[in-house]
There are 2 protein chains.
Amino acid sequence: MAYQRSALMQERLAENRQRILASARQLVARGGFRAASINAVAEVSGLSTGAIYRYFPSKSALFIEVLSSAVRHECDILLAIVDGDGSAGERLRAAVESFARRALQGPHLAYAFIAEPADPEVEAARILCRREFSDVFKRVLRQGIASGEFPKQSVDVSAACVVGAFTEALVRPTEHSARRRQDKALVGAIVDFCERAVTGTA
Amino acid sequence: MAYQRSALMQERLAENRQRILASARQLVARGGFRAASINAVAEVSGLSTGAIYRYFPSKSALFIEVLSSAVRHECDILLAIVDGDGSAGERLRAAVESFARRALQGPHLAYAFIAEPADPEVEAARILCRREFSDVFKRVLRQGIASGEFPKQSVDVSAACVVGAFTEALVRPTEHSARRRQDKALVGAIVDFCERAVTGTA
DNA sequence: GAAAAAAGTGAAACACTATTCACTAAAATA
DNA sequence: TATTTTAGTGAATAGTGTTTCACTTTTTTC
């Protein structure tokens with residue numbers, strides 16, 4: 001008598017789950033955590049509030065998944081750059097630039113990675129996310145120091161500073177918004193700053 | 001018939017006001033905004049919840065005052081260093097070091113300056129606070145660049161990066177906490193990072 | 001097609017907290 | 001001291017947003 005889901009049904013359920021995640025991500029990207037209530041998620045994804053709880057046990061669980069999947073995606077991109085070709089300095093520049101550029105596309109999402117969320121559970125996930133980012137930068141730093149390209153420095157601290165430097169520099173403009181012209185210059189200045197900080201050369 | 005407050009009474013009222021502010025600051029410093037409900041503030045300051053509203057029109061107003069007075073105090077300290085003696089590089093190092101050291105004393109308070117608060121009104125105040133901090137650093141940067149001591153760079157971006165770099169590096173340890181031994185090394189590494197970033201010399 | 005199981009609904013229950021307000025206590029005036 | 005004005009109380013109110021649940025609809029099994 002074991003009930004079995006048809007392939008079609010299974011697919012529809014998976015689709016719903018994805019739609020819920022996508023809706024939540026979209027809401028965070030547009031208006032931050034604040035704008036992403038369960039009701040809003042339900043509305044955007046075309047389901048009822050109750051249905052959300054069939055897919056996720058709680059609001060926290062939903063947003064933890066939103067955050068961590070977004071971060072995994074970003075980290076994959078960064079890792080490809082960091083483990084690519086070129087000198088450590090070149091790869092660092094490329095990684096910072098890529099990260100900064102992408103963050104400017106969805107400033108609120110970037111903000112959510114840094115912002116204190118209401119829920120302590122999500123907070124824990126957020127901390128892990130930042131660690132993942134800085135871990136990527138630690139890789140290049142270690143390589144550059146080992147090869148003598150970078151001066152000796154605390155890899156932990158420098159990686160955290162790099163992440164902090166551009167999140168601060170990027171997130172601040174969130175309020176103004178809509179100044180696409182200056183983006184290029186902003187990204188360039190951030191990249192320069194981080195390069196000097198790490199390489200110690202003007 | 002105009003009612004006049006006695007000097008004693010006036011003093012007691014001012015004292016209460018200060019006690020409320022101090023209680024709120026203490027609660028934020030210990031447990032972040034999250035722990036600082038009006039009820040908690042009332043309890044700590046030994047007044048009733050209703051009484052708080054005789055001194056401050058709203059929770060937001062209270063916390064805006066807490067934040068801005070704390071920031072003013074920190075900025076005063078930084079300004080004294082920045083406008084003091086020594087080369088631009090020395091003063092920058094001293095300012096970063098002082099800021100980092102003091103932030104380590106009350107990590108949650110430092111966190112509150114960065115964290116997204118629930119209330120948009122407080123958020124606005126928070127943004128101003130960060131700008132005040134970075135304005136202080138802009139001063140040294142301009143001086144150093146003018147004298148040729150620092151290479152050319154975007155003063156706005158570099159100042160934001162400096163603030164971001166050490167807030168990230170400082171705030172992260174908040175979770176662990178209670179590792180006073182490594183503090184000195186941490187502060188040193190942050191100062192080095194910022195110096196390299198700004199001066200471009202290892 | 002009827003019975004059983006699961007998915008989906010959305011209004012109501014619940015939790016959390018800022019804010020109010022009818023009231024009491026204290027202080028200033030006369 | 002009696003009266004008026006202000007300070008202070010804290011339970012009730014109100015707004016917000018998550019979670020539940022009795023119920024309907026859809027899907028699967030026989």
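First the proteins, then the strands, lettered A, B, ... as listed; each starts at 1.
What separates CD of B:E43 from C1' of D:dG10 is a distance of 13 Å, to the nearest Å. C:dA26 atom P lies 23 Å from atom CD of B:Q4, rounded to whole Å. Atom CD of B:Q10 is separated from atom P of D:dA7 by 10 Å (rounded to the nearest Å). Nucleotide C:dA6 holds its C1' atom 9 Å from the CG atom of A:L13, rounded to whole Å.
Between A:R5 and C:dA5 there is no side-chain N or O to OP1 or OP2 distance below 4.0 Å. At D:dG8, one or more side-chain N or O atoms of B:Y55 fall inside 4.0 Å of OP1 or OP2 (strictly under the cut-off). In this structure, B:R54 reaches the D:dA7 phosphate: one of its side-chain N or O atoms is under 4.0 Å from OP1 or OP2.
The side chain to side chain donor-acceptor pair (under 3.5 Å) with B:Q143 is formed by just one residue from the set B:R91, B:K138, B:E149; it is B:R91.
Residues satisfying the side-chain contact (heavy atoms from CB on, under 4.5 Å) criterion with B:A197, sequence neighbours excluded, are A:F193, A:A197. Not counting sequence neighbours, the partners of B:R139 by the salt bridge (Lys or Arg N to Asp or Glu O under 4.0 Å) test are B:D83. With sequence neighbours excluded, the residues that form a salt bridge (Lys or Arg N to Asp or Glu O under 4.0 Å) with A:E97 are A:R101. Partners of B:S68 according to the side-chain hydrogen bond (donor to acceptor under 3.5 Å, both in side chains) rule, which considers only residues two or more places apart in sequence or in another chain, do not exist here.
Applying the side-chain hydrogen bond (donor to acceptor under 3.5 Å, both in side chains) rule to pairs touching residues 19-32 of chain A yields A:N16-A:R19, sequence neighbours excluded. Applying the side-chain hydrogen bond (donor to acceptor under 3.5 Å, both in side chains) definition to pairs two or more places apart or across chains, those involving residues 56-66 of chain B are B:R17-B:E65, B:S60-B:D119.
Using a 4.0 Å cut-off on heavy atoms, the residues of residues 15-27 of chain B that approach DNA chain D are B:N16, listed by number.
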Show the atom names and distances, to 0.1 Å, of all donor-acceptor pairs under 3.5 Å that link a side chain in residues 5-14 of chain A to residues at least two apart or in another chain.
from: A:S6; atom 1: OG; to: A:M9; atom 2: N; distance (Å): 3.1

Response to the item:
Each nucleotide of nucleotides 18-27 of chain D classed B (base within 4.0 Å of a protein heavy atom), S (only sugar-phosphate) or -, in 5' to 3' order, makes BBB------S
